[in-house]
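Data block below; observations after.
Positions are given from 1, in the same order as the sequence printed here. Atoms within a ligand are numbered from 1 in the order they appear, just like the ligands themselves. Basis for what follows: all heavy atoms, side chains included, without hydrogens, waters or symmetry-related copies.
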Amino acid sequence: MMIAPSLLSCDFASMGTEVERVDKAGADLIHLDVMDGHFVPNLTIGPAIIKAVRPFTKLPFDVHLMISDPLSYIDAFADAGADIITFHIEADSDTDKTIEKIKSRNVLPGVVIKPGTPAEAVFPYLDKVYMVLVMTVEPGFGGQSFMEDMMPKVSAIKSEIKKRGLEVLVEVDGGITVQTAPIASKAGADVSVSGTGVFKAADPALAIKEMKNS
Ligand code: DX5
Ligand code: ZN
């Protein structure tokens with residue numbers, strides 16, 4: 001299991017050193033949550049902050065767009081240093097056009113589904129994406145409880161990927177801790193995003209290690 005700490009739960013006044021901290025603690029990716037106050041009822045960071053923290057690590061930046069019009073902002077996030085850009089298929093932008101736009105910028109594309117969206121909704125895109133992100137909370141806030149009832153979706157997507165001989169990563173996001181990571185792993189998740197589970201842990205390096213081993 002790969003671990004992507006979500007900066008949403010870090011000390012925002014020291015973002016650069018927080019990134020260095022989780023890099024040293026064994027993170028595989030850095031997860032950055034972008035919210036527009038429209039697609040979700042919260043506002044977070046945009047491309048300027050992502051660009052500012054980019055020099056603090058060589059780890060890939062996994063940028064999760066929770067915004068209504070992702071297509072219009074792909075250039076800005078590519079310029080800011082995103083390595084992976086995931087966006088919601090529930091957003092207003094055309095999904096195929098957004099995937100193509102991300103690829104045209106040499107960034108790896110991924111599609112995200114909210115808890116109410118069925119697994120089958122991502123099937124038409126499996127041969128076009130690097131990653132599928134299955135939300136295990138309603139997007140918008142860190143620190144919510146893991147929705148274990150999303151695991152059948154993770155398994156269904158993973159088995160469809162295998163059935164087609166593809167190598168798409170399945171990521172889960174929301175409520176992942178040392179307790180819940182093994183459940184996600186057993187269901188077939190390859191990558192776990194963890195915000196409070198890493199940044200609020202007494203020992204983030206130990207938390208990452210335990211999650212990785214799950
Ligand atoms: C929620 C975000 C998550 C969030 C996870 O909308 O997409 O990445 O930061 O935080 P935890 O791990 O605390 O649930
Ligand atoms: Zn996220």
Quick one: does Phe146 get within less than 4.0 Å of ligand 1, heavy atoms only?
no
Which of the numbered atoms in ligand 1 are under 4.0 angstrom from any heavy atom belonging to Met66?
6 (O), 7 (O)
Check whether any side-chain N or O of Ser9 sits under 3.5 Å from a backbone N or O of Lys200 as a donor-acceptor pair, and report yes or no.
no
Distance to 0.1 Å, residue and atom name: give those for the protein heavy atom nearest to atom 14 (O) of ligand 1.
Gly175 N, 2.8 Å
Candidates Asp173, Leu65, Val193, Leu7; heavy atom nearest atom 5 (C) of ligand 1 found on Asp173
Out of Ile208, Asp23, Leu29, which one pairs with Pro5 under the side chain to side chain contact (heavy atoms under 4.5 Å, CB included) rule?
Ile208
What atoms of ligand 1 come within less than 4.0 Å of a heavy atom belonging to Phe141?
1 (C), 6 (O)
Report the C-alpha distance between Thr117 and Glu90 in whole Å, list the side-chain angles of each, state the deciding distance to 0.1 Å, and finish with yes or no for side-chain hydrogen bond (donor to acceptor under 3.5 Å, both in side chains).
CA-CA 8 Å; Thr117 303; Glu90 303 92 353; 2.7 Å; yes
Counting each atom of ligand 1 from 1 as listed, which ones have a heavy atom of Met135 under 4.0 Å away?
7 (O)
Calculate, to the nearest 0.5 Å, the distance between atoms CZ and OG belonging to Phe146 and Ser194 respectively.
11.0 Å
Looking only at N, O or S atoms, find the one in His64 nearest to the Zn ion (ligand 2) and name it.
ND1
In terms of residue, atom name and distance, what is the protein heavy atom nearest to atom 2 (C) of ligand 1?
Asp33 OD1, 3.4 Å
Donor + acceptor pair across side chains of Thr86, His64 (<3.5 Å)
no
At a 4.0 Å cut-off, with the gap strictly under it, does some heavy atom of Ser194 reach an atom of ligand 1?
yes
Hey, which atoms in ligand 1 end up nearer than 4.0 Å to a heavy atom of Met35?
6 (O)
Residue, atom name and distance, where the atom is the protein heavy atom closest to atom 9 (O) of ligand 1
Ser6 OG, 2.8 Å
The closest protein heavy-atom partner of atom 12 (O) of ligand 1 is Gly195 N, 2.7 Å
Side chain or backbone of Thr196 under 4.0 Å from ligand 1, or both, or neither, by non-hydrogen atoms?
both
Where ligand 1 meets His64 - atom numbers and elements under 4.0 angstrom, heavy-atom basis:
7 (O)
Tell me the protein heavy atom at minimum distance from atom 10 (O) of ligand 1, and give that distance in Å.
Gly142 CA, 3.6 Å
Check ligand 1 against Leu8 and write out every atom of the ligand that is under 4.0 Å from a heavy-atom position of the residue.
4 (C), 9 (O)
Could you work out, for atom 6 (O) of ligand 1, the closest of Gly174, Ser145, Gly140 by heavy-atom distance?
Gly140
Got a donor-acceptor contact below 3.5 angstrom from the Ser192 side chain to the Val172 backbone?
no
Can you tell me which N/O/S atom of Asp173 has the shortest distance to the Zn ion (ligand 2)?
OD2
Please identify which atoms of ligand 1 are closer than 4.0 Å to at least one heavy atom of His31.
8 (O)
Test of proximity, Gly143 against ligand 1: N or O pairs below 3.5 Å
yes
Atoms of ligand 1 under 4.0 Å from any heavy atom of Pro139, numbered from 1 in the order shown, are 6 (O)
Tell me if a side-chain donor or acceptor on Arg54 pairs with a main-chain N or O of Gly81 at a distance below 3.5 Å.
yes
Among the N, O or S atoms of Asp33, which one sits nearest to the Zn ion (ligand 2)?
OD1
Could you check whether Asp79 pairs with Lys51 (Lys NZ or Arg NE/NH1/NH2 to Asp/Glu carboxylate O, under 4.0 Å)?
no
Presence of salt bridge, Glu160 and Arg164, under 4.0 angstrom:
yes
Look at ligand 1 and say whether Lys200 reaches it with a heavy atom at a distance under 4.0 Å.
no
Ring-face cation contact, Phe39 with Lys114, 6.0 Å cut, 45° max:
yes
Would a distance-only check, ignoring hydrogens and angles, find a side-chain to backbone donor-acceptor pair under 3.5 Å from Ser14 to Asp11?
no
Give a yes or no answer on whether the side chain of Ser93 reaches the backbone of Leu71 with a donor-acceptor pair at less than 3.5 Å.
yes
Same cluster for Leu32 and Leu43 if Ile/Leu/Val/Met/Phe/Trp/Tyr side chains link at under 4.5 Å?
no
Strictly distance-based, threshold 3.5 Å: is any side-chain N or O of Lys128 a donor or acceptor partner for the main-chain N or O of Asp96?
no
